Engineer: 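First the structure, then my questions, so here it is.
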2 protein chains.
Amino acid sequence: MEYAKWLTTAVEEARAGLAEGGVPVGAALYGADGALLGRGRNRRVQDGDPSAHAETAAFRAAGRQRSYRGTTMVTTLSPCWYCSGLVRQFGISRVVIGEAETFHGGHDWLAEHGVEIVLLNDTGCKGLMHDFIRANPELWSEDIGD
Amino acid sequence: MEYAKWLTTAVEEARAGLAEGGVPVGAALYGADGALLGRGRNRRVQDGDPSAHAETAAFRAAGRQRSYRGTTMVTTLSPCWYCSGLVRQFGISRVVIGEAETFHGGHDWLAEHGVEIVLLNDTGCKGLMHDFIRANPELWSEDIGD
């Protein structure tokens, strides 16, 4: 299934972030034709940049686009309000989410506003975040403004 | 009045963006003690970076913060959903807005969720955006994902 394959791109980013000592959330933006437009990961720790969440990093990596109609944001974790706002503002059509159990962001709100939400309930994504949050509660709280 | 003074920082950023050929929206993040934490402007054109809205640029420039309690985001223009999501997620306490006439973003939603909104209805900010949108309708549409 295509979405599961796309999720592996986001998971690769998350794992790379973990290896760098960062917050292990990864994302990728795919075009309406299935082409990879951009990929990225949370870079709070690596770059000292609190604005670099996985989804915004993938969005940034895709560069300027005239329209996001038909695009899909794939992310290992339910998007926070910041990243949900990004999706809504730019009219990204679909969000594919690895898991929403360790953190429940704004994806219900996005669904209410016409964004297609695909929740994969991925065990690997859950394990990654569960272990990270347990080992780094302060860093995680900082990352979501808790 | 402090808010009007803070707005001049955001306006300086917006005018610098205009001089660079960019989207003239500027912002600044002030701490609970009134200290300037970060300032920035939309950099879509200058950096080819669609993720750099004024508010996210100011947030980024402020670097990592443990808490945003008591902070104020000052912006020349009503924050779009992306920037409104940033404010909500990180618990920024107050948003001071130059104007919300040329663009009405998510500030009502923020008010509903407990963020203090101060709308200054500034004539200079209105003129800046009005002239820019009239001269660059395509670029403006791109910047807000229209």
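Please read all numbers here as calculations on a predicted model, not as lab measurements. Naming: A, B, ... by sequence-line order, numbering from 1 per chain. What you see below is based on every heavy atom in this structure, not just the backbone, and it leaves out hydrogens, waters and symmetry mates.
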Engineer: Val25(B), Phe103(B): one ILVMFWY side-chain cluster at the under-4.5 Å cut-off?
Structural biologist: yes
Engineer: So do the side chains of Phe59(A) and Tyr82(B) get within less than 4.5 Å of each other, counting heavy atoms only?
Structural biologist: no
Engineer: Is chain A contacted by the side chain of Val87(B), its backbone, both, or neither, given a heavy-atom distance below 4.5 Å?
Structural biologist: neither
Engineer: Please answer: with hydrophobic residues joined when any side-chain heavy atoms are less than 4.5 Å apart, are Val45(A) and Leu77(A) in the same cluster?
Structural biologist: yes
Engineer: Using 30° and 60° as the class limits, which term best fits the ring planes of Trp109(A) and Trp81(B): parallel, tilted or perpendicular?
Structural biologist: perpendicular
Engineer: Go through the atoms of Glu138(B) and report whether side chain, backbone, both or neither lie under 4.5 Å from a heavy atom of chain A.
Structural biologist: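 It is both, since atoms from each part get that close.
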Engineer: Hey, any chance Leu120(A) and Met129(A) share a hydrophobic cluster, counting ILVMFWY side chains that come within less than 4.5 Å of each other, even indirectly?
Structural biologist: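 Per the 4.5 Å side-chain linkage, Leu120(A) and Met129(A) are not co-clustered.
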Engineer: Can you name the closest pair of heavy atoms from Pro50(B) and Gly63(A) and give their distance?
Structural biologist: CG-O, 3.4 Å
Engineer: Using side-chain heavy atoms (C-beta onward) and a distance below 4.5 Å, is Arg64(B) in contact with Leu139(A)?
Structural biologist: yes
Engineer: For His130(B), I'd like to know if atom NE2 has over 12 heavy atoms of other residues, nucleotides or ligands within 6.0 Å.
Structural biologist: no
Engineer: Applying a strict under-4.5 Å side-chain criterion to I, L, V, M, F, W and Y, I'd like to know whether Val96(A) and Leu110(A) cluster together.
Structural biologist: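 Val96(A) and Leu110(A): separate clusters.
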Engineer: Thr56(B) versus chain A, heavy atoms under 4.5 Å apart: side chain, backbone, both or neither?
Structural biologist: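 Answer is both: backbone and side chain atoms of Thr56(B) are under 4.5 Å from chain A.
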Engineer: Does atom CZ of Arg94(A) have more than 12 heavy-atom neighbours, drawn from other residues, nucleotides or ligands, at distances under 6.0 Å?
Structural biologist: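 Yes - once you tally the heavy atoms of other residues, nucleotides and ligands closer than 6.0 Å, there are more than 12.
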Engineer: Is there a continuous path of hydrophobic side-chain contacts, each under 4.5 Å between heavy atoms, that joins Val23(A) to Leu128(A)?
Structural biologist: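 In one cluster: yes.
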Engineer: Specify which of Gly91(B), Cys80(B), Ala52(B) makes the most heavy-atom pairs with chain A at under 4.5 Å.
Structural biologist: Cys80(B)
Engineer: Quick check: closest heavy atoms across Ile144(A) and Gln89(B), and the distance to 0.1 Å?
Structural biologist: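 Heavy-atom minimum between the residues: O-NE2, 3.0 Å.
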Engineer: Search all heavy atoms of Arg66(B) against all heavy atoms of Glu142(A) and return the closest pair with its distance.
Structural biologist: NH1-CA, 3.7 Å
Engineer: Report which part of Asp143(B) has an atom under 4.5 Å of a heavy atom belonging to chain A: side chain, backbone, both, or neither.
Structural biologist: backbone
